[in-house]
Number of protein chains: 2
Amino acid sequence: MVRFVLMHTFTEENYLKTIYHCTLASGSATTNQIAAATNTRAASVTDMLKKLSEKKLINYAKYQGVTLTAEGEKIAIGVIRKHRLWEYFLVEKLDFKWDEVHEVAEELGHISSIELIDRLDKFMGYPKYDPHGDPIPDSNGRFKRQELKPVSGLAVNDTGVVLGVGDHSTAFLQYLEKASLTLGTKLTVIEIIDYDHSVVLQIADKKLNISREVAKNLLVAL
Amino acid sequence: MVRFVLMHTFTEENYLKTIYHCTLASGSATTNQIAAATNTRAASVTDMLKKLSEKKLINYAKYQGVTLTAEGEKIAIGVIRKHRLWEYFLVEKLDFKWDEVHEVAEELGHISSIELIDRLDKFMGYPKYDPHGDPIPDSNGRFKRQELKPVSGLAVNDTGVVLGVGDHSTAFLQYLEKASLTLGTKLTVIEIIDYDHSVVLQIADKKLNISREVAKNLLVAL
DNA sequence: GATAATTTTTAGATAAGTCTAAACTTATGG
DNA sequence: CCATAAGTTTAGACTTATCTAAAAATTATC
Ligand SMILES: [Mn+2]
Ligand SMILES: [Mn+2]
Ligand SMILES: [Mn+2]
Ligand SMILES: [Mn+2]
């Protein structure tokens, strides 16, 4: 099978992507975080960190966690671009639901051809956001991060439009689907229950109560 | 990354597909043939044959070559279905040329999801032939083999329509493209040169001389 | 039918990625 | 400020897929 010069393995790309996401989510990427996210053991992660460090894709000092180098980040963003474009394709062209696409896109996102992904991008009209509201980097790796707030951060009478999720699990996405809390939904906070911090929302002419857990992972633009 | 129960590795699938193609092309699949086709060494092939044999995907007896079992053939045809559907997609939807798609489809053809490929098939309207004229198996693995003849097998005054190629190399496909010998072209044999067995064709209002080598790999329906 | 040429298999290594168990650092809280 | 917990790394092993070199089997040739 084809492997191009300067190509990185499926596995290496996966680690880089994971490090990127960990850093974004929690400000840093530690061995255990990466192990949890990649479903491997800490010892395996350490091995890979050494390898990526030698390839100058991450900055690594024993026991100190890691950050991506410019080159490592470029690769990570490339993988994320592929992943999100494929998710968009699966939902918009092949009629998958938003909770069904992540696993398949995980595989598709490692197909090496850049030509392929650029043509796919063009075919779909250069979409800006994936089915979960996450921004799709352009072919130069540029994208705007949306300024989104979790519903748990809103006050009573605040209004927002659902534009993203903080949890991409099938379970959460299916819950939202069922509750009609899909992307683009406009909502207003009616009440915040003291006892359990659950939130009562007004959506069109209906009221809906969501738990704090849900509120934290439901992201809106004001 | 996801690996399903009863899934086979990328590599195993590749060997099965290669064995299928060898058997079709030359009636049998030998260690050296497989090694040449997969760009590996005979010793590596032997190792894999033992493994596939243990999994009951091939019938293997030392020194005697191999054949696919029913299960092995089913997997091979599944991979071929994916490969050809992706080639169709690349040409019809993403505007790749027929000589550019094989390598990319080689990667895409190993994405595990059956759901994906069935939806892709539907999205494209259940195409019957890939960009090289090869039949695309349906979701039950069924397909009709076309009865095609190489132009080298025609006699003077015979007429045919180009519907397939015997050589899928970039070089050959580009040659055909340049010579306007694309799929669907109608041709008549005007003359067969004794000296080198080259063939003079009448195509619309033009004459074209092709070598015996080309004539052998240009497949037509009468 | 013996010998030479070809093909295939075995033996022994290597590289990538993973694991468990044990050792080592760093962080914490009494 | 040190003892223990938590987090990380090392050591050693395993699996998959590959290789080269050498041995064995098959096939072709005289
Ligand atoms: Mn995803
Ligand atoms: Mn997504
Ligand atoms: Mn092909
Ligand atoms: Mn083809």
Side-chain angles (χ1 to χ4, degrees), chain A residues 1-19 22-23 25-55 57-67 72 75 79 106-107 110 112, chain B residues 1-19 22-23 25-55 57-67 72 75 79 106-107 110 112:
Chain A
M1 81 212 75
V2 205
R3 286 284 158 249
F4 301 105
V5 190
L6 274 177
M7 237 339 126
H8 302 94
T9 65
F10 187 105
T11 311
E12 286 172 342
E13 287 186 349
N14 239 348
Y15 274 93
L16 292 172
K17 187 182 68 170
T18 301
I19 293 166
C22 285
T23 307
S26 71
S28 70
T30 70
T31 304
N32 270 354
Q33 280 176 333
I34 299 166
T38 55
N39 201 30
T40 56
R41 304 298 150 153
S44 312
V45 173
T46 300
D47 286 344
M48 185 56 76
L49 294 185
K50 285 189 211 160
K51 188 177 166 192
L52 293 173
S53 181
E54 260 168 37
K55 292 193 176 189
L57 299 174
I58 61 173
N59 306 113
Y60 172 59
K62 273 190 196 176
Y63 296 100
Q64 301 314 133
V66 292
T67 55
I75 294 167
V79 177
E106 201 65 19
E107 287 190 70
H110 291 277
S112 54
Chain B
M1 80 212 73
V2 206
R3 286 282 158 249
F4 302 105
V5 190
L6 276 177
M7 242 331 131
H8 302 95
T9 65
F10 187 104
T11 311
E12 287 172 343
E13 288 186 350
N14 239 349
Y15 274 93
L16 293 172
K17 186 182 68 169
T18 300
I19 293 165
C22 284
T23 307
S26 69
S28 70
T30 69
T31 303
N32 269 355
Q33 280 175 335
I34 298 166
T38 55
N39 202 29
T40 58
R41 303 300 151 152
S44 312
V45 173
T46 300
D47 286 345
M48 184 56 76
L49 293 185
K50 285 189 213 162
K51 189 176 165 194
L52 294 173
S53 180
E54 260 168 37
K55 292 193 176 188
L57 300 174
I58 61 173
N59 306 111
Y60 171 58
K62 274 189 194 178
Y63 295 101
Q64 302 315 130
V66 293
T67 56
I75 295 167
V79 177
E106 202 64 20
E107 286 191 71
H110 292 278
S112 53

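In what follows, every chain begins at residue 1, and chains take the letters A, B, ... in the order their sequences are listed.
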Hey, what are the protein-to-nucleotides 5-7 of chain C N/O distances that come in under 3.5 Å?
none

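- Considering only side-chain N and O atoms, K62(B) lies under 4.0 angstrom from the phosphate OP1 or OP2 of dT10(C).
- In this view, A43(A) satisfies the side chain to side chain contact (heavy atoms under 4.5 Å, CB included) rule with no residue, not counting sequence neighbours.
- Every residue meeting the side chain to side chain donor-acceptor pair (under 3.5 Å) condition with T40(A), not counting sequence neighbours, appears here in chain and number order: T38(A).
- Remark: K55(B) engages E12(B) in a side chain to side chain donor-acceptor pair (under 3.5 Å) (not counting sequence neighbours).
- For the side chain to side chain contact (heavy atoms under 4.5 Å, CB included) test, residues two or more places apart in sequence or in another chain that qualify with T23(B) are I19(B), A29(B).
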Evaluation steps, side-chain contact (heavy atoms from CB on, under 4.5 Å), between N14(B) and H110(B): CA-CA 9 Å; N14(B) 239 349; H110(B) 292 278; 3.6 Å; yes
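- Proximity of Q64(A) to the phosphate of dT26(C): a side-chain N or O atom is located under 4.0 Å from OP1 or OP2.
- Residues passing the side chain to side chain contact (heavy atoms under 4.5 Å, CB included) test with A37(A), sequence neighbours excluded: T18(A).
- The side chain of Y15(A) places an N or O atom within less than 4.0 Å of a non-bridging phosphate oxygen (OP1 or OP2) of dT18(C).
- Proximity of residues 40-48 of chain B to DNA chain D (heavy atom under 4.0 angstrom from any strand atom) is restricted to T40(B), R41(B), A43(B), S44(B), D47(B), M48(B).
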Donor-acceptor pairs under 3.5 Å, side chain of residues 59-67 of chain A to any protein atom, not counting sequence neighbours: which ones?
from   : atom 1 : to     : atom 2 : distance (Å)
N59(A) : OD1    : T67(A) : OG1    : 3.1

